[in-house]
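Notes for the one structure printed next.
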Amino acid sequence: MKAKKSWPLLLAIAWMSASTLIAISPIPPNSLNAHPEKAFLYPFQNSLNWLGTDQLGRDLLWYLFASAKTAWMLTFPPLIGATVIGLLIGSLSAYFAKKPLRIRITSLLLLIVTSIFIITLIYIQINWIVTSPLGPTSFWLMAASMLLILFSVYQLIRKYHTKQDSRNSLDIPVDDFLQRIMDLWTTFPKLLLLLLLSALAAPSLWSMGFWILVTYWVLPARLSRAQILQISNEPFFEAGRALGLPKSRLLLQYLWPSMKRPLITNFCFNASGLLGIGSTLAFIGIGLPADVPSWGKMFALSRYSLESWWLLLFPAILLIGSILSLQTLGANYSKTKV
């Protein structure tokens, strides 16, 4: 039995459908060109500029649509990626919750050195060192982080390595290690963490999306780990495993239905919060280049002309409506009986 649909839910579905359609629709060429002679035109007084213009004479309607594209680009693709990564990490943590990972020491060291080399190569290839305003600082922060990783691995080897297996392999507590990383990551507020990470790269839509992906994977990982550990101890799951059912079938029939509701609910609430955080970062001028439209930038511009109320009102309606719609969808889905 499913929860009864109400008018707030139907309104939220309609709002998100319309917003998504706006976000994926193409913007006409030259629609965001500046026309200084048309600056600060009032809304509903000109058929060519129905919602008015901003301080540069740009059409506000198309600028709102372009800002919706930016908001959706910085919300849904990074969150989908973060959910998938969190699901994989949580599943890995749950798999090694009852037994450590046994690996040869030489293989472990080779894996660490290879990972550091790949990270450094990617860092240099995308020119973050050259384009970042804090390039030297970000380089030394990365170097210090890698040294910290090596030191942590060394301490881990000293703690868990015994004389009996000194020439063979090492037992690594993967679950404990991942849990400590999640604990450390959750100590930072998301807004503060995004502010710190944004200093490592030049303002870019892609780099901002990457930092969002890096920031939001923790809670999906915790949810998936908890659900897998809970379901794997249920009698029906043990019975299915005893009957020799394939792991893929167990995953699709038992694990995924149990994880679907909390993950989707978390996704909706994270998306609503991320819309506000993204607008906040754009408002203070962090994370996005100056030529990328954003609702937060419109809020910032409205401060310089208090008479231009439409520069504040229309993006606020879109932002608040999207946040409330996502929260309504998430709250309704969490109450739905499957």
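Worth saying up front: this structure is predicted, and the values here are computed from it rather than measured.
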Remaining members of I320's ILVMFWY cluster at a side-chain heavy-atom cut-off under 4.5 Å? L324
Could you measure the distance from the CZ atom of F96 to the OG atom of S91? Nearest 0.5 Å is fine. 11.5 Å
Is D175 paired with R225 through a side-chain N to carboxylate O contact shorter than 4.0 Å? yes
Between T187 (side chain only) and L184 (backbone N and O only), is there a donor and an acceptor less than 3.5 Å apart? yes
Would you mind listing every ring-ring contact (aromatic ring centres under 6.0 Å, His included) that reaches into residues 270-303, with sequence neighbours excluded? none
Set of residues satisfying side-chain hydrogen bond (donor to acceptor under 3.5 Å, both in side chains) with respect to T328, sequence neighbours excluded: none
Under 4.5 Å side-chain linkage, directly or through intermediates, the cluster mates of W206: none
Side-chain donor-acceptor distances from residues 20-30 under 3.5 Å, at least two apart:
| residue | atom | partner | partner atom | Å |
| --- | --- | --- | --- | --- |
| T20 | OG1 | M16 | O | 2.7 |
| T20 | OG1 | W72 | NE1 | 3.4 |
| S25 | OG | L21 | O | 2.5 |
| N30 | OD1 | N33 | ND2 | 3.4 |

For G330 against T265, the heavy-atom pair lying closest together: O-CG2, 3.5 Å
Between L319 and G276, the two heavy atoms sitting closest are CD1-N, 4.5 Å
Those residues that, when tested against D54, pass side-chain hydrogen bond (donor to acceptor under 3.5 Å, both in side chains) (two or more places apart): R58
With sequence neighbours excluded, residues passing side-chain contact (heavy atoms from CB on, under 4.5 Å) with T75: L79, A271, L274, L275
Within the distance-only criterion (no hydrogens, no angle test), does the side chain of T53 pair as donor or acceptor with the backbone N or O of D59 below 3.5 angstrom? no
Side chains of P315 and L64 in contact at under 4.5 Å (non-hydrogen atoms): yes
If you look at every heavy atom in P78 and I212, which pair is closest and at what distance? CB-CG2, 3.6 Å
Is the shortest side-chain heavy-atom distance between F267 and L326 below 4.5 Å? no
Would L312 end up clustered with L281 when hydrophobic side chains under 4.5 Å apart are linked, directly or stepwise? yes
Value for CH2 (W211) from CG (L195), rounded to nearest 0.5 Å, stands at 13.0 Å
With sequence neighbours excluded, residues passing side-chain contact (heavy atoms from CB on, under 4.5 Å) with P220: T83, L263, N266
Do you know the tightest heavy-atom contact between A221 and M182? CB-CE, 3.6 Å
When you group the ILVMFWY residues by side-chain heavy-atom contacts below 4.5 Å and let the links chain together, are L301 and L288 in the same group? no
Roughly how far apart are L60 CG and W50 CH2, rounded to 0.5 Å? 11.0 Å
By salt bridge (Lys or Arg N to Asp or Glu O under 4.0 Å) - contacts of R180 (at least two apart): D183
Would you find more than 12 non-hydrogen atoms of other residues, nucleotides or ligands less than 6.0 Å from W309 atom CH2? yes
Residue pair L87 / S224: nearest heavy atoms and the distance that separates them: CD1-CB, 3.6 Å
Is it the case that the side chain of K190 and the backbone of N270 share a donor-acceptor pair, with hydrogens and angles ignored and the cut-off at 3.5 Å? no
Would a single hydrophobic cluster contain both F76 and I277, if residues Ile, Leu, Val, Met, Phe, Trp and Tyr are joined by side-chain heavy-atom contacts under 4.5 Å? yes
Residue pairs passing the side chain to side chain donor-acceptor pair (under 3.5 Å) test with at least one member in residues 310-323, sequence neighbours excluded, are W15-S322
Approximate separation, where rounding is to 0.5 Å, of L313 CG and S302 OG: 10.5 Å
For M73, enumerate each residue passing the side-chain contact (heavy atoms from CB on, under 4.5 Å) test, keeping only those at least two apart in sequence or located in another chain. P77, L205
Between W217 (side chain) and V214 (backbone), is there a donor-acceptor pair under 3.5 Å? yes
In the single-linkage hydrophobic clustering (I, L, V, M, F, W, Y; side-chain heavy atoms under 4.5 Å), do F314 and L48 co-cluster? no
When every non-hydrogen atom of M259 is compared with those of I228, the smallest separation belongs to SD-CG1, 3.9 Å
Can you name the side-chain contact (heavy atoms from CB on, under 4.5 Å) partners of P293, sequence neighbours left out? L32, Y63, A66, S67, T70
Same cluster (ILVMFWY, side-chain, under 4.5 Å), I181 and L194: yes
